[in-house]
Amino acid sequence: MRVSETFIPTLREDPGEAETVSHRLMLRAGLIRKVAAGIYTYLPLGLRVLRKIERIVREEMNRAGAQELLMPVASPAELWRETGRWDFYGKELLRFKDRHERDFCLGPTHEEVITDLFRREVRSYRQMPLNFYQIQTKFRDEIRPRFGLMRGREFIMKDAYSFDRDEAGARLNYQKMYDAYNRIFTRCGLTFRPVEADTGLIGGTSSHEFMVLAETGEETIVYSEDGTYAANVERAEVLPPETSDQAAHRPLTPVSTPGRRSVEEVTTFLKIEPQHLVKTLLYSAGKETVAVLVRGDHDVNEIKVKRLLGVPELELLKPELVPGLTGAPVGFAGPVGLKQVRILGDWAVKAMANFVVGANQADTHFVDANWERDFNVDQFADLRNARAGDCSPRKDGTLKTAKGIEVGHVFMLGTKYSQAMKATFLDAQGQEQLAIMGCYGIGVSRTAAASVEQNHDAKGIKWPVPIAPFHVTLLPLSQSQPVTQLADSLYHAMQDSGIEVLWDDRDERAGVKFNDADLIGAPYHLVIGEKGLAQGQVELKFRHTGVTQKIAPDQVLSLLGSLLKAAS
RNA sequence: CGGGGCGUAGCGCAGCCCGGUAGCGCGCCUGCUUUGGGAGCAGGAUGUCGGAGGUUCAAAUCCUCUCGCCCCGACCA
C-alpha cells in the first residue's frame, strides 16, 4: 500500500491521554483511536495487526481440532438466569432491554450460549467430543478501563468451549488447547509463560493463564528459577515453614505504642523486625466476621481466604465497625481476647513464638504473645501471597517474581455449566451423562498491545514479523526520477512475490519518513537514496537491531524472501 | 465507589492564583528555496475556552451544578 493513499494518522507528540507504552505508541502510530473510555476504533494499520493475530489463532485452533462458529453479541437474560450469572456477574455485565422490555446483555463470555446450543443439538456420545470457537467482540463494563487496548471494555476475544464424554477426554482437550496456545503465542513472537491460575468468575476445577512477561503487566507471577513451577501469585501455594521458633515462651506483656498503627510504625517504634509481628486483619465474609493472622512482612491472599471459607465475597471490615468489635481504634486489633470472631492463621504464624500483636486497646500492643497460650486459632492454613525467596511448592527451587499481561486463559470447567443448564447426552450404555466442559480464551486485541509492550524502543514499535502490519516499509528519499522509478519497480516486485510492503511515496523530508517508519515499526525498512543509488545500492534496515546493510537492488527480493521465511 | 489530576485551534500546551484585546509550538493552506533523521523564509486560515446556571458593567479566569477523560486504589476470565 502507498502511504499517500492510506489512512495512517501518526502523531508527532505523545497524546496527553496515554501514559502506558502500548497505549501511547498505538495512538501515535495511527493504529487506534478512542471513542469512549475503554472503547476504540481500530484504524487500517491496527486492524491489519489484529487480522494477523486472528489468522494465527485460527490456524492453530483448526489444527487442534476446534471448529469455528459465531455466536451473537447480544444474549437473552434467561440463559444467564439459568446459571445464576445474571445476578452473580455484577455490574461488569452490560444489560439492556429490548423494545418489548425483555432483558438482554452484551456477552462478556459465552458459556451460556454455547451450552444452550449443545443441549439443543447434541444427543449422543457419538457426536462428541466437540470443541467450538469464535473470534468476536466482547463487552465487559470494567470498573476502570485503562492502558488503551490492555483493559478495554469492548475488545476482541477468541473463545473456545469443549464438550467431552468424560474426564479423560476433557483433559485431552485441555492439553490440546494448552499446546495450541503455546504455539500461538510463540508464533506471535511473544516472550510468555503459562502459569497456574485461579478460576475466578468462570469457575471450574483448574486453569492456566498465559502471561506475556512485561514490566507494565497488571498480574504478578511467581516461578521457580531452576524448576518448572510457575503460577499467578493469586494462586501460588505456600508451603508451611519446615522449622518453627522453639524459644521458651516469655510472659505476655502489654506495651504502650502511642499512635503506632501500621506494621512499619509499630516495628520501628519497638525496634523489631516485621517478622516478629503478627498482623490481624478483620474481614466480613458473608454474615460472619473473621480475623486473619499473617506475619508482619507477609500479605494476605484474599482468594485463599475465600476458598477456605467457601464464600464468594470477602471484604475488609469497614473501619467504623472495627472499634465495636475490638474495643480499640483501627490499628490496634489483635487476636488476644477477640470474641465472636473466627480466627484463621497463616502457616508462618504457627511457626512463630514471642511475637507482637495489637492489644485491642488504644495505643497498646502486646509483646511476647504466643498462640494457644494467649489466644486460640481456629484453623491454620496457607493464607498469604507467595513472594520472591519462598520455597517453590514443588520443592524445585526458590521462587522469583515477575510482572505479566494475561493474554490467554484455559479452564477445566467440569460440569459447572452443563449441570446448571442440563446439558446431557446418552452414553454407550444409554445412560444420561453431563457433558464435561472446558473453556479457553485469548485476548486478541490485548495480545497486540502486549506485543507492543514487549517490542518497542524510544522511536516506536518493533513488530515481530508474523503480526507486523507490513513486512517492509519502502522509503525513497527523493522525488527524483531514478529513485522513484526504482521504488516503483521494487514495490510491484515485492507485492508480486507476496511481500507486504508499505511504500512511503509522500514528498516528505527524509527525517519525517524515517521517524514515521520507526514509529510504525515494520521489521524491515528499505531505503532508496540518491547517494546509494549512484553506487548501485539500496539500504536494508532491521528495525529490531537497528543494523543496516547495503545491497544491490536486484538482491532485494531474494534477501527479503529468505528473511521473511526464516522469521515466520 | 474513594483519592488525585485534567478539559483552551487538528495535536501538545500557556493564560486562571490577582476578572478587562484568547496566546505559543507543531500541524494545515499559498508561494519561493531546500531535500539522508521531524527544513528555512514570507504570507494565511482555524476557537460554542467541555456543558448549564450564577455573581459582575465585564467571566477562559470567581461560585454552583453537570458531563467527559487520565492516574492511584477498591474491583476484575
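All chains are named by letter (A, B, ...) in the order of the sequence lines, taking the proteins before the strands, and each is independently numbered beginning at 1.
- Pair assignment for B:C69 gives B:G5, based on Watson-Crick or G-U wobble hydrogen-bonding distances that are each under 3.5 Å.
- Here the separation of B:G23 from B:G5, taken at their C1' atoms, is 23 Å to the nearest Å.
- The existence of a salt bridge linking A:R183 and A:E60 is confirmed by a sub-4.0 Å separation between a basic side-chain nitrogen and an acidic carboxylate oxygen.
- One finds a side-chain N or O of A:R12 lying less than 4.0 angstrom from the OP1 or OP2 phosphate oxygen of B:G27.
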*For nucleotides 29-36 of chain B, just jot down a letter per nucleotide in 5' to 3' order: B, S or -, based on protein non-hydrogen atoms under 4.0 Å.*
-----BSB
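- Figure legend. B:G43 is base-paired to B:C29; pairs are counted as Watson-Crick or G-U wobble with both atom distances under 3.5 Å.
- Within the 4.0 angstrom heavy-atom criterion, base atoms lie near A:K459.
- Contacts of A:P9 with the nucleic acid, taken as non-hydrogen atoms under 4.0 Å apart, are absent.
- Contacts of A:K34 with the nucleic acid, taken as non-hydrogen atoms under 4.0 Å apart, involve only primed sugar atoms and P, OP1 or OP2.
- Residue whose closest nucleotide on RNA chain B sits further toward the 5' end, between A:R153 and A:E315: A:R153.
- Contact annotation for A:E142: no contact, since no heavy-atom pair falls under 4.0 Å across all strands.
- In this structure, A:Y181 and A:F185 have perpendicular ring planes: the angle between them is above 60°, well past the 30° mark.
- When heavy atoms are screened at a 4.0 angstrom cut-off, A:F210 is found touching no nucleic acid atom at all.
- Out of B:C11, B:C72, B:C75, the shortest distance to the side chain of A:R144 is found at B:C72.
- Between A:F163 and A:F118, the ring planes lie parallel to each other; the angle is under 30°, not in the 30° to 60° tilted range.
- Taking a cutoff of 4.0 Å between a charged side-chain nitrogen and a carboxylate oxygen, A:K306 and A:E302 do not qualify as a salt bridge.
- Across all strands shown, A:R446 has no heavy atoms under 4.0 Å from either base or sugar-phosphate atoms.
- Between A:Y178 and A:H208, the ring-plane angle classifies as perpendicular under the 30° and 60° cut-offs.
- Across all strands shown, B:C57 pairs with B:G20; the Watson-Crick or G-U wobble distances both stay below 3.5 Å.
- When heavy atoms are screened at a 4.0 angstrom cut-off, A:K541 is found touching base atoms of the nucleic acid.
- Defined by atom type and a distance below 3.5 Å, a donor-acceptor pair is present between the side-chain atoms of A:Y440 and A:S162.
- Residue-to-nucleotide proximity on RNA chain B shows that, of A:G16 and A:R506, the 5′-proximal contact is made by A:G16.
- A:D14 comes within 4.0 angstrom of the backbone, heavy atoms only, and of no base.
- Only the P atoms considered, B:U61 is 15 Å distant from B:G15, to the nearest whole Å.
- In this structure, B:U34 makes no Watson-Crick or G-U wobble pair, since no nucleotide meets both defining distances under 3.5 angstrom.
- Nucleic acid contact for A:E302: sugar-phosphate only, since backbone atoms but no base atoms lie under 4.0 Å from a heavy atom of the residue.
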